[in-house]
Amino acid sequence: MRKNIVAGNWKMNTTVPEGIALAKDVVAASAKVPASVKLIIATPFTHLVPVADVVKGSVVSLSAENCADKEKGAYTGEVSAAMLASAGCEYTILGHSERRQYYGETDEKLVEKTKLALANGLKVILCVGENLEEREAGKHFDVCKSQTENVLYNFSEEDLKNIVIAYEPVWAIGTGKTATAEQAEEIHAFIRKVVADKFGAKAAEDMSILYGGSCKPSNAKELFAQKDIDGGLIGGAALKAEDFIQIALSF
Ligand code: PEP
């Protein structure tokens, strides 16, 4: 059975003390959230160790926002999957569109990152999604298919149990412009089929596919009511514990 998940992506926001305070607020409010909903917060690297302490013993899981595509060594400025696991992370986001767009993250690199993350016991939230130009050109299905296949098809059905997909149309991220529930559902069902084509119906049915892109308390209910939308990857609204928890109460 697939899980309902609400994951907050803090991006490059909050200082360490602000992040600790936000994590404490999330943990305090998490008592209201039913056990059927998995809560995850993805913080900047600097915050992981102190926030791991805050979430310890709570229902909130910790995630990084990225990890290196190399195991270890002379890669100045990079943070390895082993480091993340040792810092207390359970998950890492990979392939966020901001990383693809600004930092040259390719599907090839994402395969390496995913391998290392899984090898170090981390679960992966793999982001896919088309930009505005691709959507307007009617290429959104092709883009989501190739981004999903290029990474996922390198892994086994067993690996799939530790991978969550987040469909994030780039034109909806941080823009206030949400995909309609119908637009999102159409792509989610399509991505599930792409998964089923390689791994079979059962593996695809068991996979959590999250929606991301200006998801907030006012639209989460309608999005999460869709058959193939299993929760959200939340950016801006994850920076307010109250909004984040409100979204988690929208199933
Ligand atoms: C994100 O960056 O993953 C995201 C969904 O951002 P926002 O909710 O702010 O659109």
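In listed order, ligands and their atoms are each counted from 1. Values below: all heavy atoms of this structure, side chains included; hydrogens, waters and symmetry mates excluded. Computed from a prediction, not measured in an experiment: that's the story for all the values here.
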Check whether any heavy atom of [X] sits under 4.0 Å from an atom of ligand 1.
X: Gly174; value: yes
X: Lys11; value: yes
X: Cys127; value: no

Does ligand 1 come near enough to Gly235 that some N or O of the ligand is less than 3.5 Å from an N or O of the residue?
yes
Nearest protein heavy-atom contact for [atom]: which residue, which atom, what distance?
atom: atom 3 (O) of ligand 1; result: Glu168 OE2, 2.7 Å
atom: atom 1 (C) of ligand 1; result: His96 NE2, 3.2 Å
atom: atom 9 (O) of ligand 1; result: Gly236 N, 2.8 Å

Do Lys113 and Asn66 pair up side chain to side chain, a donor and an acceptor below 3.5 Å, judged on atom types alone?
yes
List the atom of [X], the atom of [Y], and the distance in Å for their closest heavy-atom pair.
X: Val49; Y: Ala87; value: CG2-CB, 3.9 Å
X: Tyr91; Y: Ser61; value: CE1-CB, 4.0 Å
X: Thr178; Y: Ala172; value: CA-CB, 4.3 Å

Do the side chain of Asn131 and the main chain of Glu133 share a donor and acceptor less than 3.5 angstrom apart?
yes
Let me confirm one number: the CG-CD1 distance from Leu39 to Ile5, rounded to the nearest 0.5 Å.
10.0 Å
Please identify which atoms of ligand 1 are closer than 4.0 Å to at least one heavy atom of [X].
X: Ala172; value: 10 (O)
X: Leu233; value: 3 (O), 5 (C)
X: Gly213; value: 5 (C), 10 (O)
X: Ile173; value: 1 (C), 2 (O), 4 (C), 6 (O), 10 (O)
X: Gly212; value: 5 (C)

Determine whether the side chain, the backbone, both or neither of Asn9 has a heavy atom under 4.0 Å from any heavy atom of ligand 1.
side chain
Where's the contact between Ala238 and ligand 1, heavy-atom distance under 4.0 Å: side chain, backbone, both or neither?
neither
Stepwise salt bridge (Lys or Arg N to Asp or Glu O under 4.0 Å) test for Asp159 and Lys115
CA-CA 9 Å; Asp159 290 332; Lys115 278 184 189 162; over 6 Å; no
Please tell me if the side chains of Asp230 and Arg192 come closer than 4.5 Å, counting only heavy atoms from C-beta onward.
yes
Before you tell me yes or no, could you show the steps for Ile173 and Ser97 under side-chain contact (heavy atoms from CB on, under 4.5 Å), namely the whole-Å CA-CA distance, both residues' side-chain angles and the distance that decides it to 0.1 Å?
CA-CA 9 Å; Ile173 296 179; Ser97 62; 3.3 Å; yes
